[in-house]
**Student:** 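The structure is given below, and queries will be raised subsequently.
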Amino acid sequence: MARHLVTSALPYINGIKHLGNMVGSMLPADVYSRYLRQRGHDVLYICATDEHGTPAELAAKEAGLSVAEFCAQAHDAQKAVYDGFELAFDYFGRSSSQQTREITQHFARKLNENGFIEERAIRQVYSPVDGRFLPDRYVEGTCPHCDYDKARGDQCENCTRVLDPTDLIDPRSAISGSTELEVRETKHLFLLQSKLQHEVEAWIDSVSEKWPHLSSSIARKWLTEGLHDRAITRDLDWGVPVPADTWPELAAEGKVFYVWFDAPIAYIGATKEWADAARDGETRDWKSWWYEADDVRYTEFMAKDNVPFHTVMFPATELGVREPWKMVDFVKGFNWLTYYGGKFSTSQKRGVFTDAALEILPADYWRYFLIANAPESDDSSFTWEHFTATVNKDLADTLGNFVNRVLSFSRKRFGDEVPAGRAAGGAEAKLGEEIARLLAEYEEHMEALQFRKAAAALRALWSAGNSYLEEKAPWLEIKTDADGAALTLRTAMNLIHLYAVVSEPFIPATAGAMRGAFALENDTATWVTAEQAKALDAVTAGTAFTVPPVLFAKITEEDLESYRERFGGAPDA
């Protein structure tokens with residue numbers, strides 16, 4: 001089987017992330033990784049907190065902590081939430097690790113040796129009130145392209161255009177709010193992306209044909225506009241230091257690398273963290289995943305604002321190093337998940353945040369809803385009304401009710417073992433063909449990373465069981481044909497086991513509960529073949545079973561009202 005390297009965009013360290021962040025990177029990466037593992041592939045899913053840059057310093061200052069202490073606490077807090085969502089990272093590291101520092105400095109030295117880094121004197125915003133140069137995110141103002149009045153000095157989150165602080169209209173210090181800003185001369189390192197444009201274009205041409213239109217169009221838009229040389233150092237106290245052996249003057253001034261230079265390198269650094277964390281007697285070869293890794297298929301997951309950095313800037317960096325580092329094969333980009341039509345926003349605390357979501361309902365409710373409504377082809381909107389309807393119809397009625405009524409009815413009429421009944425007949429053969437067909441659709445969509453379509457196919461699999469149950473009506477059948485009713489229930493129990501196996505990427509906790517209902521010896525099945533789907537005989541007569549607690553509780557009108565009251569409806573409500 002193939003080796004699959006999977007990464008999701010690094011969640012920034014300044015606070016717990018919202019549902020839009022979850023569905024735009026980490027959750028679909030987890031669903032895909034789980035699916036690949038179940039199909040027998042060798043998978044390494046790597047992520048980390050993104051800890052450098054100005055927002056970390058600003059958040060630490062607001063919290064009254066040193067940046068190092070703040071980042072350590074925030075990393076643990078985020079990891080606890082991701083554990084709650086059952087994100088099965090192979091390793092969740094930190095961009096501030098020593099491993100990332102060393103590899104980032106190595107990349108910078110190599111780029112310099114190859115003529116792709118240049119030291120330049122530039123004019124930069126300086127705040128006399130704050131007594132310091134202001135790096136990009138320390139400057140806020142109005143975007144010159146879309147007039148958004150809360151644009152940052154590195155990027156406008158409204159129109160996603162990359163900016164320099166001096167581009168902003170009516171700029172102000174993010175530290176003090178002072179508008180008494182000056183422009184002074186200072187020195188920084190520049191990555192000469194302009195010299196790498198043709199190489200990046202050739203690489204994009206070679207790999208992007210099967211990418212989602214969103215990912216390829218953003219990359220090509222940047223290339224059409226032309227790659228510009230980019231400053232890759234900042235005046236900050238926190239970050240990967242410029243190595244003194246190569247740039248002694250800048251190192252003495254305390255320059256650190258720009259967060260968007262070291263953050264993608266942190267994927268590699270976190271993989272080395274994973275290797276270094278191996279237990280005694282265990283060997284983990286991190287470099288085989290990244291260096292001369294021709295047998296690895298590398299897939300990245302991210303929201304659209306991160307796409308240009310991963311499809312243009314980081315590839316330019318890797319190409320310029322002139323070493324055989326693994327480059328991405330497939331970039332799965334996502335649009336925005338909105339909150340009643342407005343953007344989720346960490347900085348403005350708008351929308352449902354992941355820790356609050358887990359306080360309300362278990363992770364599987366959120367996992368299923370988010371993937372079933374993933375913003376793939378366009379933006380999608382979260383509303384409490386839509387969430388409630390999806391949970392009640394798909395999870396509570398279609399899946400949960402099927403499991404409960406099959407097991408409860410069988411226990412009531414036949415006891416705590418799977419009933420035997422007669423051999424499968426025409427209805428069961430027809431059902432098996434339908435299940436095999438729907439399973440093939442589900443697999444096709446998962447292989448293509450089409451998550452909404454995969455969710456629809458999974459939902460159709462669940463619905464097929466309900467249709468079979470309604471057609472056979474064992475509650476009526478048992479009055480005149482006990483063996484026929486037993487066959488129906490045995491077949492339905494096999495559907496429950498099949499659902500447990502194939503639903504695991506979406507709803508792992510529920511899948512475990514369904515699978516655990518049956519006392520099967522050596523139940524090591526990781527997937528279901530077409531032949532097994534047609535036969536529906538994994539759970540044999542005489543197998544002991546239990547009825548699990550209610551898998552999904554319906555959301556009531558009272559619940560819905562309490563959610564609206566806590567979180568509001570439309571963003572301006």
Side-chain angles (χ1 to χ4, degrees), residues 7-15 17-29 47-56 95 136-137 139-141 143-165 167-168 208 211-225 227-228 230 258-264 266-267 300-316 328 331-339 341-348 350-351 353-354 370 374-382:
T7 63
S8 51
L10 309 185
Y12 202 73
I13 198 67
N14 61 336
K17 303 298 106 177
H18 52 68
L19 294 182
N21 182 280
M22 176 66 70
V23 73
S25 57
M26 290 174 286
L27 180 55
C47 193
T49 38
D50 184 2
E51 300 185 11
H52 294 143
T54 52
S95 70
D136 42 27
R137 286 202 177 194
V139 186
E140 297 176 343
C143 174
H145 303 288
C146 70
D147 296 327
Y148 180 62
D149 64 359
K150 296 182 178 64
R152 304 185 301 256
D154 65 336
Q155 186 178 26
C156 174
E157 68 170 8
N158 185 57
C159 70
T160 75
R161 292 289 291 268
V162 173
L163 303 171
D164 284 312
D167 294 333
L168 294 173
S208 67
W211 289 5
H213 176 72
L214 177 67
S215 302
S216 59
S217 63
I218 290 174
R220 293 189 183 282
K221 179 175 181 289
W222 268 44
L223 291 169
T224 299
E225 293 176 354
L227 297 190
H228 302 288
R230 184 81 174 165
Y258 173 42
V259 62
W260 265 115
F261 181 72
D262 69 75
Y267 297 131
E300 293 178 341
F301 291 79
M302 68 202 66
K304 59 186 175 183
D305 56 334
N306 287 326
V307 167
F309 298 100
H310 290 78
T311 59
V312 177
M313 185 171 179
F314 185 47
V328 67
V331 178
K332 178 64 175 179
F334 289 86
N335 286 283
W336 302 125
L337 176 71
T338 66
Y339 184 69
K343 285 183 65 178
F344 281 81
S345 173
T346 300
S347 60
Q348 298 177 37
R350 184 171 63 231
F353 288 74
T354 48
L370 291 172
E376 293 177 295
S377 59
D378 50 22
D379 292 350
S380 60
S381 179
F382 177 91

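Residue numbers run from 1 in the order of the sequence given. Quick caveat, the model's predicted, so the values are computed rather than measured.
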**Student:** Does some side-chain heavy atom of Tyr258 sit less than 4.5 Å from a side-chain heavy atom of Arg230?
**Tutor:** yes

**Student:** Measuring only between side-chain heavy atoms, which start at C-beta, is Phe334 closer than 4.5 Å to Glu376?
**Tutor:** yes

**Student:** Does some side-chain heavy atom of Ser25 sit less than 4.5 Å from a side-chain heavy atom of Pro11?
**Tutor:** no

**Student:** Would you check, one step at a time, whether the test side chain to side chain contact (heavy atoms under 4.5 Å, CB included) holds for His145 with Asp167?
**Tutor:** CA-CA 10 Å; His145 303 288; Asp167 294 333; 5.8 Å; no

**Student:** Which atoms form the tightest heavy-atom contact between Pro308 and Lys304, and what is the distance?
**Tutor:** CD-O, 3.5 Å

**Student:** For Ser381, what residues pass the side chain to side chain contact (heavy atoms under 4.5 Å, CB included) criterion, not counting sequence neighbours?
**Tutor:** Thr338, Thr383

**Student:** Does some side-chain heavy atom of Phe314 sit less than 4.5 Å from a side-chain heavy atom of Val328?
**Tutor:** no

**Student:** What are the two closest non-hydrogen atoms of Val331 and Ser215, and how far apart are they?
**Tutor:** O-OG, 2.8 Å

**Student:** Within the 4.5 Å heavy-atom criterion, are Phe301 and Asn306 side-chain neighbours or not?
**Tutor:** no

**Student:** List the atom of Ser95, the atom of Glu51, and the distance in Å for their closest heavy-atom pair.
**Tutor:** OG-N, 2.8 Å

**Student:** Which pair of heavy atoms, one from Met22 and one from Pro28, lies closest together, and at what distance?
**Tutor:** O-CD, 3.6 Å

**Student:** Please round to the nearest 0.5 Å and tell me the distance separating atom CE of Met26 and atom SG of Cys47.
**Tutor:** 6.0 Å

**Student:** Is the shortest heavy-atom distance from the side chain of Thr311 to the side chain of Glu300 under 4.5 Å?
**Tutor:** no

**Student:** Holding to side chain to side chain contact (heavy atoms under 4.5 Å, CB included), I want the full list of residues that pass it with Ala56, two or more places apart in sequence or in another chain.
**Tutor:** Tyr12, Ile13, Val67, Cys71, Trp238

**Student:** Kindly give the heavy-atom pair with the smallest separation between Leu168 and Ala151, and that separation in Å.
**Tutor:** CD2-CB, 3.9 Å

**Student:** Does the side chain of Thr354 reach to within under 4.5 Å of the side chain of Leu19, using non-hydrogen atoms?
**Tutor:** yes

**Student:** Carefully, step by step, assess Val162 and His228 under the rule side chain to side chain contact (heavy atoms under 4.5 Å, CB included).
**Tutor:** CA-CA 11 Å; Val162 173; His228 302 288; over 6 Å; no

**Student:** Would you please say whether a donor-acceptor pair under 3.5 Å links the side chains of Arg152 and Thr54?
**Tutor:** no

**Student:** How far apart are the C-alpha atoms of His18 and Phe382, what are their side-chain angles, what is the distance that settles it, and do they pass the ring-ring contact (aromatic ring centres under 6.0 Å, His included) test?
**Tutor:** CA-CA 12 Å; His18 52 68; Phe382 177 91; over 10 Å; no

